[in-house]
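What follows is a single structure, written as structure tokens, with notes after it.
The basis for the numbers below is simple: all heavy atoms, side chains too, and nothing from hydrogens, waters or symmetry mates. Every chain is numbered from 1, with letters handed out A, B, ... down the list of sequences.
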Amino acid sequence: MILNIISILFFTAILYFSSSPLVFYLLNGLSICLILLGLFFFLGTSIGVIRFPDFYTRMHAAGKGDTLSSILILFGIALFVLNTGTLSIGLVLVCIKILLIINFIFIGSPTATHAIMDAGYGTEVKHWTNDSEGIKKKK
Amino acid sequence: MVNFFIFVGIIILILMMVVFYRVLKGPTVMDRLLGVNVIGTKATVLLVVMGVIFERVDMFVDIAIGYGLLNFIASIGAAKYFQHHKVLQPRSQWEEDLTKS
Amino acid sequence: MIWQFDILLLTLVVVCGFVSLWIKDLMGAVIVFGAYSFLMCLVWTGMGAVDVAFTEAAVGAGVSTIFFIATVFHTSRTIRYNKWDLSTKFFSSIICILMGFFLMVAIGDFPAWGDALSPVNNNVAKYYLENSMEETKVPNVVTSVLADYRAFDTMFETGVVFVASLVIFTLLLQSDGRKKLMKSAFQKVSFLNVSESLIIRKACGLMVPFMQLFALYVVVHGHYSPGGGFQGGVILGASLILLSMAYDIKKVFARFHMKFMIKSLAVGVLIFAGIGLICLILGGNFLDYSALSKLFPSMGSIKSRYNAMLWVEVGVALTVMSGMFAIYTSLSSNGKFEEGL
Amino acid sequence: MADQFLVLIVLFPLFVGLLIPIIAYFNKSVVWPLAILSLIGSFWAVFNTATQLLKLDPSSSISYYLGNWMAPFGIEYVVDRFNIMVLFAIICVSLLTTIFAKQVIEKELGDNAANFYSLFLLFITGLLGITITGDAFNLYVLLEIASLTSYGLIALGRGRALVATFNYLIMGSMGACFYLLGVGYLFIKTGTLNMDQLYDVLPLLFDSKAVLVGFVFIILGMWVKMAFFPLHSWLPNAYSLAPTAAACLMAPLMTKVSVYVMIRFMLNVFSTEYVYSVLTINNIIVIMSSIAIIAGSIYALSQKNLKKMLTFIIVAEIGYMVGGVWTGHVDGIRGAIYHITADAFMTLCLFMAVGCIVYRVGNDKLESLKGIFKKMPITMICFLVGGFSVIGIPPTCGFFSKWYLISGAFNSGAWYFIIALIISSLINAVLFFRIIEIGFFGAMSNEKPDYKSLQSIKFNEVPINMWLPLVIVSMILIILGIYTNEIMTNFILNIVPMM
């Protein structure tokens with residue numbers, strides 16, 4: 001959390017002290033890269049969620065990829081928002097709010113995943129083994 | 001730049017639809033819960049994206065914070081339900097047919 | 001309105017609705033219904049109805065799914081069939097289709113979406129948009145309409161929350177639950193004796209303070225941004241619900257006891273109605289906030305409107321918070337108030 | 001203070017209803033007197049409003065602007081000669097019921113009594129608000145308050161009351177939802193929610209489909225709420241299983257207020273021109289209400305349970321009012337409006353009497369009424385007055401409303417409605433004379449009376465605060481009948497436009 005805020009303050013400082021267009025393009029490029037990376041991870045998540053054979057492996061895809069992709073996209077958007085127009089306190093505040101969302105997702109999503117996993121284990125969801133489904137399909 | 005964000009939103013929505021397939025089919029309830037959890041998180045992101053598109057991020061970000069805070073309560077509640085009632089499938093002929101097909 | 005979003009979202013929403021009706025396992029239906037409300041929130045956002053979207057987010061994501069789960073928790077998870085089931089379904093679907101047809105018939109008669117010349121935009125709403133800032137100094141017109149122009153409606157909507165919570169509490173309160181409830185007011189709760197896993201406890205411990213802080217921000221900042229008493233109250237209630245899920249209902253009772261909850265439920269509406277009554281006593285009409293400037297001469301009539309709206313929002317938040325928590329505890333502990341979900 | 005009476009009508013029960021959950025933690029015994037006091041305060045406000053109104057021109061009305069925002073922008077309260085009458089009926093019925101209900105509530109509800117009083121007063125608030133408001137959306141909000149509290153009140157009853165409440169909940173929510181949809185459609189076409197402004201704007205939009213759909217939905221929603229015949233299925237169980245006090249309050253008022261709203265929308269929002277000339281559905285609805293009357297009466301005849309019998313009589317009475325309004329003749333509309341008040345008191349009288357019987361005898365089966373006349377003479381005489389009024393025997397008010405209804409139907413040529421009214425009166429006569437027979441002679445007609453058990457019965461009347469309201473109600477029934485002409489000329493004559 002602190003790391004997030006420090007990083008956004010760092011970018012703010014860069015924007016504040018340098019007014020060259022290069023910084024503008026660099027930051028925009030960075031944010032687009034982050035968003036595209038996030039989308040890529042989300043693609044992985046969704047493929048994982050539908051293609052993995054059992055609940056636990058799907059959980060693996062959903063829990064990690066989902067959180068990471070959300071964080072990346074949101075961070076990219078935060079940078080983009082910081083970069084629009086003239087720098088002002090309101091803009092930085094919006095950025096900090098987006099960072100707060102990142103933190104909440106960072107805490108909340110894995111907790112939810114953990115709870116669901118726990119419940120799935122408790123209710124004895126069958127896990128996939130090498131010979132359970134694959135062989136049936138071959139026959 | 002707005003077009004880029006519309007593009008991002010559409011991609012997120014299409015991938016959400018893909019995840020929604022798991023909610024639809026999901027052999028067990030847990031799979032559905034998993035899918036809904038992913039959809040919820042992505043809805044938060046989509047809210048912020050919409051804010052950028054409408055150029056009113058300062059308005060939409062509040063809703064997104066609320067979402068991010070409340071999103072996981074439902075998952076925890078459902079998980080606690082299953083920790084108390086350790087039954088995955090309710091006994092119902094119809095439901096069994098559904099999962100077989 | 002972004003048409004690509006709309007098509008995708010509306011498809012998802014319709015599919016969600018169908019699926020949640022189609023699934024026979026009620027828990028599955030509840031979970032899909034949760035996704036439905038996520039998507040509805042996005043639809044509202046796409047239409048630019050930010051306050052509605054916020055309400056949907058707070059209620060749909062926060063509490064309504066939990067209420068459903070708590071209800072299923074103490075009742076049955078399956079649907080019982082009888083032989084009339086098919087015919088009832090047949091008739092109800094015919095009625096639904098007829099009704100949908102009726103609703104659709106009139107759609108051709110509607111003004112276009114976002115039409116500046118439509119009657120809605122030219123009659124009352126226009127007045128609000130033009131004069132709200134002058135008359136109340138509140139930039140968010142939704143807040144000024146809800147809390148001032150049509151405050152009487154809002155007062156009774158708060159009353160609806162009060163009535164709903166009171167009815168659920170009264171109906172579910174069992175006689176042994178009543179004794180335990182009276183007793184538990186004087187009981188010491190051991191905070192170490194909890195069953196839930198450490199991860200969830202710690203995560204909730206991290207989240208709850210932020211939630212409450214954010215809820216207070218939403219209540220107070222309703223004049224400037226989407227949100228207000230209702231949404232803030234729901235988030236506050238959700239934070240209490242989260243706490244009682246992560247630990248135990250008893251732990252939350254040690255801080256906010258049920259008796260206190262029922263009182264604050266009434267007090268919230270009474271704050272709202274009481275402000276109106278003070279206005280009436282001071283010589284204005286009921287809920288005419290500008291009369292309050294007689295009590296505080298330093299505030300002009302506009303400033304007193306502005307401030308009274310804030311207090312009204314606080315009252316709404318109090319009622320909604322205690323209402324949500326009262327409903328949750330009643331439902332999840334089945335009226336015994338011992339242990340919840 | 002003098003110009004605040006309109007809002008005070010609603011505020012008294014609202015504040016006390018909200019305060020009761022708090023007060024009950026300190027002292028439970030003050031709850032009942034407080035409730036009575038609040039209703040007396042409300043009655044005082046209604047009385048003052050009425051005196052103000054009667055000084056004015058007959059067709060004028062008094063408006064009150066909540067929050068001091070002028071009419072289309074804020075919410076407006078309007079009192080004219082139509083709803084002052086309904087307000088009087090509501091406040092009298094609720095005051096008498098509250099006086100009546102003390103022992104019954106304590107006996108039936110025990111610990112829940114305090115919360116019951118709170119819901120009770122909020123229910124009255126909702127009904128008063130529905131009647132007095134001049135804003136279509138405000139009406140919906142108050143309808144929600146009234147419906148939610150009524151679900152709670154019914155669900156506190158015994159036995160299968162919860163199941164009955166669930167049915168009522170589903171149907172009632174559908175009704176409210178229909179109403180809301182209708183108002184939404186009107187709002188889209190007109191951009192206003194104020195009834196007066198709607199009345200001004202709507203004539204330009206008479207050929208609009210959206211307005212038609214809005215009208216249909218509003219009327220349909222109200223039909224669900226008032227239990228008009230094919231949609232009545234929730235009513236009998238809900239009202240017969242509810243706690244006595246709740247049934248006494250709800251059975252006279254809830255359905256009548258819905259009828260009031262329907263007539264209000266027909267006369268004062270959509271004009272009579274739209275309802276009777278542009279739409280040509282009069283005959284169908286009069287036929288439907290004739291069927292409702294006959295079906296309700298026949299159902300009532302087949303019941304062996306006193307309360308259930310009365311609930312089916314309510315279903316038939318709803319048919320009277322709906323049919324009367326839709327005949328499209330001035331007399332029919334006047335009769336229906338008069339019948340709202342008359343029927344509220346009739347139903348109250350019958351339900352109170354049954355409440356007394358249940359309080360003493362313990363159940364409400366027809367067989368258990370053997371020898372009841374000697375046991376509880378006051379109760380039974382009042383019950384008979386109510387019964388005579390339902391049948392339509394002259395000195396009571398039931399006769400006069402029926403007279404107007406029949407005259408309206410005759411003038412508009414709806415002979416089937418007249419036949420239905422007469423059949424229903426006959427069936428009601430059979431019903432009540434059967435009760436007299438059982439009560440006097442202590443046996444069903446084919447059994448021999450058991451004189452020994454009759455002699456062992458002692459005089460066992462209910463406490464004074466139960467029979468006194470009952471006597472007052474039966475007096476009111478006769479007084480309303482005697483002063484019909486005055487009520488017609490002073491109140492009803494001017495609110496129905498000539499056609």
Quick check: are there more than 12 heavy atoms from other residues, nucleotides or ligands sitting under 6.0 Å from CZ of A:Phe106?
->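 Check fails, neighbour count at 12 or below.
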
Residue [X] versus chain A: region with a heavy atom under 4.5 Å:
X       : answer
B:Phe5  : side chain
B:Val18 : both
B:Asp31 : both

Looking only at atom types and distance, does a side-chain atom of A:Arg58 sit under 3.5 Å from a main-chain N or O of A:Pro53, one as donor and one as acceptor?
->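 Looks like yes, one N/O pair under 3.5 Å.
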
Could you tell me whether the side chain of B:Arg32 and the main chain of B:Val23 form a donor-acceptor pair under 3.5 Å?
->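 Flag set: sc B:Arg32 to bb B:Val23 pair under 3.5 Å.
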
Relative to the ring of A:Phe52, is the ring of A:His60 parallel (under 30°), tilted (30 to 60°) or perpendicular (over 60°)?
->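 Perpendicular.
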
What part of [X] gets closer than 4.5 Å to chain B, counting heavy atoms only: side chain, backbone, both or neither?
X        : answer
A:Ile35  : side chain
A:Phe80  : side chain
A:Thr113 : both

Stepwise side-chain contact (heavy atoms from CB on, under 4.5 Å) check, A:Asp54 with A:Thr57 | CA-CA 6 Å; A:Asp54 76 335; A:Thr57 44; 2.5 Å; yes

Under a 4.0 Å N-O cut-off, is there an ion pair linking A:Lys64 with A:Asp66?
->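 Salt bridge flag = no for A:Asp66 with A:Lys64.
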
Using a cut-off of under 4.5 Å for heavy-atom pairs, which of [options] has the most such pairs with chain A?
options                            : result
B:Val48, B:Asp58, B:Ile76          : B:Val48
B:Val45, B:Thr44, B:Asn71, B:Val38 : B:Val38
B:Val57, B:Ile11, B:Ile65          : B:Ile65

CA sep, side-chain torsions, deciding dist, call: A:Ile105, B:Thr41, side-chain contact (heavy atoms from CB on, under 4.5 Å) | CA-CA 7 Å; A:Ile105 288 178; B:Thr41 319; 3.8 Å; yes

Between A:Leu39, A:Leu74, A:Leu36, A:Ile73, which has the largest tally of heavy atom pairs under 4.5 Å with chain B?
->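 Most pairs with chain B among the choices: A:Leu39.
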
